[in-house]
Amino acid sequence: MRYWATVGGHEYSIEIDSENKIVIDGTPHHADLQSIDGATLYSLLVDHESYDLVVDREGDTFRILLRGEMYTVSVEDERTRRLKESGPLQAPSGEVVVKAPMPGLVVAVPAQEGSSVEMGQGLVILEAMKMENEIRTPRGGTVKSVKVTPGQVVDQGQALVIIG
Amino acid sequence: MRYWATVGGHEYSIEIDSENKIVIDGTPHHADLQSIDGATLYSLLVDHESYDLVVDREGDTFRILLRGEMYTVSVEDERTRRLKESGPLQAPSGEVVVKAPMPGLVVAVPAQEGSSVEMGQGLVILEAMKMENEIRTPRGGTVKSVKVTPGQVVDQGQALVIIG
Amino acid sequence: MFKKVLIANRGEIALRVIRACQELGVSTVAVYSEADRNALHVRYADEAYLIGPPPSRDSYLRIDKIIEVARRSGADAIHPGYGFLAENPDFPRACREAEIVFVGPPPEAITAAGNKLAARLTVRKAGVPVISGTQEEIPDDRLVQVAQEVGYPLFVKAVAGGGGKGLRLVAAPEELPRALAAAHREAEAAFGYGGLYIEKVVENARHVEFQVLADAHGNFIHLGERECSLQRRHQKLVEEAPSVILTRDEKLRARMGEAAIKAAKAAGYVNAGTIEFLLDKDKNFYFLEMNTRLQVEHPVTEMVTGIDIVKEQLRIASGKKLRYKQKDIRFVGHAIECRISAEDPFNKFLPSAGRITSLREPTGPGVRVESGVYEGMEISLYYDPLVAKLVVWGDTRAEAILRMRRALEEYQIVGVKTSIPFHRQLLDNTSYQAGHFDTRFVEERFVLSQEEKAHHGEVTALVAALIAHHRRQEALALISPREDRAPGMSPWKLTGRREAMER
Amino acid sequence: MFKKVLIANRGEIALRVIRACQELGVSTVAVYSEADRNALHVRYADEAYLIGPPPSRDSYLRIDKIIEVARRSGADAIHPGYGFLAENPDFPRACREAEIVFVGPPPEAITAAGNKLAARLTVRKAGVPVISGTQEEIPDDRLVQVAQEVGYPLFVKAVAGGGGKGLRLVAAPEELPRALAAAHREAEAAFGYGGLYIEKVVENARHVEFQVLADAHGNFIHLGERECSLQRRHQKLVEEAPSVILTRDEKLRARMGEAAIKAAKAAGYVNAGTIEFLLDKDKNFYFLEMNTRLQVEHPVTEMVTGIDIVKEQLRIASGKKLRYKQKDIRFVGHAIECRISAEDPFNKFLPSAGRITSLREPTGPGVRVESGVYEGMEISLYYDPLVAKLVVWGDTRAEAILRMRRALEEYQIVGVKTSIPFHRQLLDNTSYQAGHFDTRFVEERFVLSQEEKAHHGEVTALVAALIAHHRRQEALALISPREDRAPGMSPWKLTGRREAMER
């Protein structure tokens, strides 16, 4: 996933491959970011350099306190950048098929056909590996079709819900 | 409301009339307790004496840190004391009529006839004075009867739900 | 010693006095406005009384209510702190009538020092040098003539002055009439008295002040000087003890100390007070004014002398003789204080209100924090923006500077803008480090850099991107363990908990 | 001076060293176990490297991994702190091979001091008094004869001793064989060497130790003494500087200081070290042992001398000459340290694990906190239970005691049990306040009171009842504004917010 972060007038291109492998402006780094208090305080180790940071976030704008100085950083991801480049904001379109990421038992189906859902809203509760897992929609839209019912056993990759 | 609090082997009888008027072992006091952090830290002013306390609560047992010392306090109210005196614990019985505390518009009725509810669970959403207010059940039990429907205007004191 | 002391103040200075009382075994009574129910001074005192709504004029400036609380609570003394009623002679007069001890000078000494021109004349008679200017109280219209004799540039100052009000710098004769009119209006509005006087401008001067202690038995000592030249609009920002100039000139220190004691004696002073001097580049010094209260910056003196000034104030007020003679006073090492205020240094030091969402105070060797705030506290605009004082002690000035930098890095206040970035940059300034500065340094020669350091820019960019990435992953996650989905819980927390379970 | 120093430790002492480095402009490298990713020493250092799983033997005791990190990070020196590898001569040897400076004495000095019997013989030859007992290294079976000569009661001690292991108090001859066998087994298990020696018991003795500094150029000074008699099971609980005994007897201080320097010289010592003495009620003193590292209690010496011992360690290790001569060392005021540990004083000081849910550290004049913990931190049982050291300075011992009481009242640690109640009661003890105590005082004559003060009992009862009442009201409330019903929000919070809106 690629991001662009702007701070102090300078833009950095940041690719995040895994949790720890990061490429900043073409240079690879090892990063380890930990939340200290579950809220605003973070500890970053990047290539073993240690930083204690306090982060206030408002949307895509971050106010970061580091060693007594305040930095304001704005972040874009590929989608927001593309949208910005292609002109006025457009709603995402096309159908999304939400599939079972693992085999399991359908415990509940909060999704209702015809209802509108917001990004991240739960669609199906799937029990697998003795845990209940909430399957959520990757974007907002309308529930076009619900393919499963409670009590049903599904295979990995099986379609659960279609979002339009 | 009367409570009995035991600390260091001594039992205090504490009557709480209003937020601030307290009678301890027959002597009236003025008390002002404020939560500082919304969690464990409290400030108490009692008859203008100031105390900063950290309170950890487990059920009716309180572990209170005051001026570097830890106190363990157990609290009983009239009901738990009566139950204790009358022998083994009994479930509360009898019907409770939940009434509208003010005139208003019924916005929603989460209560469903026949379903079981826990103490404090919401039964009816009532709009009054431009605010939505949740009317909750004073004890657990079964919803015997729902007397109102969304959209209905109710008077103060009107029965909303009966808990059995 | 007293049994119970009422502290007629709030914030860090109220805490400072409460702690001194606790260490003397004296009970404490706090007073508070409705805005301060949860403030630290209310919580740390033994007793606390509400005295009115948030505005100071309805609470912390209400002499009648404060005296009433002192009576009700049985307090036998009142400490005024600084600000609010500390330099209002009506307050010690009301205390005297109520037979409560005022921890400070007699009202007559406050009145005498409060008339800046009269104080100037008094100390001049006692042989203390003053800046050339008005020699006696004269009507404003005759000041034009005095100005001609004194020469330009000059200051027009309010007789009842303080805090930079009624103060005008005049560079040339043609500016004078407008300056006089404006200063007169301002002084009239601020102090109810428009009287003005004129002082020649001392170029490249330092603000050096001496801490004085005087008991009720006629004994006077000084605790050395404080260097307070780092100011912005006549507000001190950083103070030190000792002054680099006097460290290199022990004789000058002795002469200035003697002058300070002369000035205090001439004013009939009792308790802790401060004599402010201007020190020019040729090491001539001039009496500026006398402060008849505990100063904000008193801790730097405490750090180099080992003397607890607030405890001495209480001892003096209770009638005891000074425990120290001048020869007992030793200066060890160097102390620096940064005034941490809720102000935005990048935006004209405008006050910043809000809730302190996160607070970490520095600690460790040589670090002292005098703070009036706590995590979760609401900083309102009702009161002074000073939230804390960060004070360090070092074996040498260099060690103190390095320690202050370290302490400023450790200091985390989130939720309101603070002066910490200003202090960090000031301490990195080579002129400051070399001790080359005067009272105009901050305003005329110090530029706060808006630039963010390149490397830290990259680090903060990375952190922002990582958090954005995690948020996005969280939002998009098609799967998440259900029991962990407590509202408001961050994905980081989850990772930590899972790792902990796997261990 | 070094460019980069690796700190081979964790907790408060790692922070202490990091701060000293920062104030010298030296970069810092932290090492950490998997349990310590979020620990303060990791977050405050410039760099941090994971060295293994939580158990010390797999992480903080792994010389190979630490040396590897020093190489990778380019550190030119390693500071061992105290504990862990600080007194293991293999560590400075490994540093020497890797051409990295060890901030401490040469391995030979550590080895010499580590053999308690050999050290005893060495200092005795140098003319320092030792307690009567074993005169030379002999087989254990011949100790029975030595015991007869020395007389009872006596101590059986491990030659490789430390931390009270292999130590037995023997009151009468018939107990000796069992004590020897037990001590031998314990020493063998703890140190891999079962050798024992015998020392007569000094009755009513105080533990008084001298801080010594020695540079690589043969210069030795001492920084005065620390009074460390307040112990429980040979673990120090409270330390002071100076000792009340030596304050009244300047000549004795001079003699003991000279003896300490003799002992350090005899051991070929370099860097900061401590000579421990027993001081009996007739003011005879005896060498006890030498500690070849920074002591936990070093801050009390720093507070009364103004010397930053960790910075001096770094300067000495970088080859510099001592900056001070003996005559430069002055003692000002009095300092006390309380070791705040996560232990339950009401339950045999058993370690207490858990999460610190709330933390407020004391501050203000004369207070220094050396802490390794933060709010939200998980205290595990992997490491030493010391969580912080609370140190105060006062003009006099009385002021220091009163200040410590004030600071202990301000200290709030919630989530784990701590030794704070013990310290509070100890400071209230009149024998302690009068300075009347010896090394057996805490165990034999001090009783921790379980009783809770009557008035505070009433206050806590009231608070518990009020909270129970509010919870009940909340649970029963038939009506509550809906937008305010955020999960986990307390009714108090709501009241506050409503009041704020109404204002």
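Below, chains carry the letters A, B, ... as their sequence lines are ordered, and counting in each starts from 1. It should be emphasised that the depicted structure is a prediction, and the values quoted were computed from it without experimental measurement. Computed over heavy atoms, backbone and side chain alike; hydrogens, waters and symmetry mates excluded.
- The minimum heavy-atom distance between A:Tyr12 and C:Gly457, with the atom names listed, is OH-C, 3.7 Å.
- Top candidate by heavy-atom pairs under 4.5 Å with chain C, chosen from A:Ile16, A:Leu123, A:Val46, A:Asp60, is A:Ile16.
- At a heavy-atom cut-off of under 4.5 Å, chain A is reached by no residue from residues 367-375 of chain C.
- With a 4.5 angstrom heavy-atom cutoff, A:Glu76 does not touch chain C via any of its atoms.
- Contacts between C:Thr460 and chain A at a heavy-atom distance below 4.5 Å involve backbone atoms as well as side-chain atoms.
- For A:Asp52, the side chain to side chain donor-acceptor pair (under 3.5 Å) partners at least two apart in sequence or on another chain are C:Arg360, D:Arg43.
- The aromatic rings of A:Tyr71 and C:His456 sit perpendicular to each other, their planes meeting at more than 60°, with 30° as the lower class boundary.
- Ion pairing between C:Glu239 and C:Arg226 fails under the 4.0 Å rule for side-chain N and carboxylate O.
- For the 3.5 Å distance criterion, the side chains of A:Asp47 and A:His30 fail to qualify, holding no donor opposite an acceptor.
- Partner of C:Arg424 under the side chain to side chain contact (heavy atoms under 4.5 Å, CB included) criterion, out of C:Leu427, C:Leu426, C:Ile420: C:Ile420 alone.
- Using a 4.0 Å cut-off between charged side-chain N and carboxylate O, C:Arg232 and C:Glu443 make no salt bridge.
- Taking the charged nitrogens against the carboxylate oxygens, A:Arg81 and A:Glu11 do have a contact shorter than 4.0 Å, which makes a salt bridge.
- With contacts defined as side-chain heavy-atom distances shorter than 4.5 Å, the pair A:Leu53/A:Leu41 does not qualify.
- Between A:Arg63 and A:Glu58 there is no salt bridge, since no side-chain nitrogen of the basic residue lies less than 4.0 Å from a carboxylate oxygen of the acidic one.
- Options A:Thr40, A:Ile22, A:Val124 differ in how many heavy-atom pairs under 4.5 Å they form with chain C, and the most are formed by A:Ile22.
- Listed by sequence position, C:Leu408, C:Glu409, C:Gln412, C:Ile413 are the residues of residues 391-413 of chain C in contact with chain A, using a 4.5 angstrom heavy-atom cutoff.
- By the side chain to side chain donor-acceptor pair (under 3.5 Å) test, C:Ser431 pairs with no residue at all, sequence neighbours left out.
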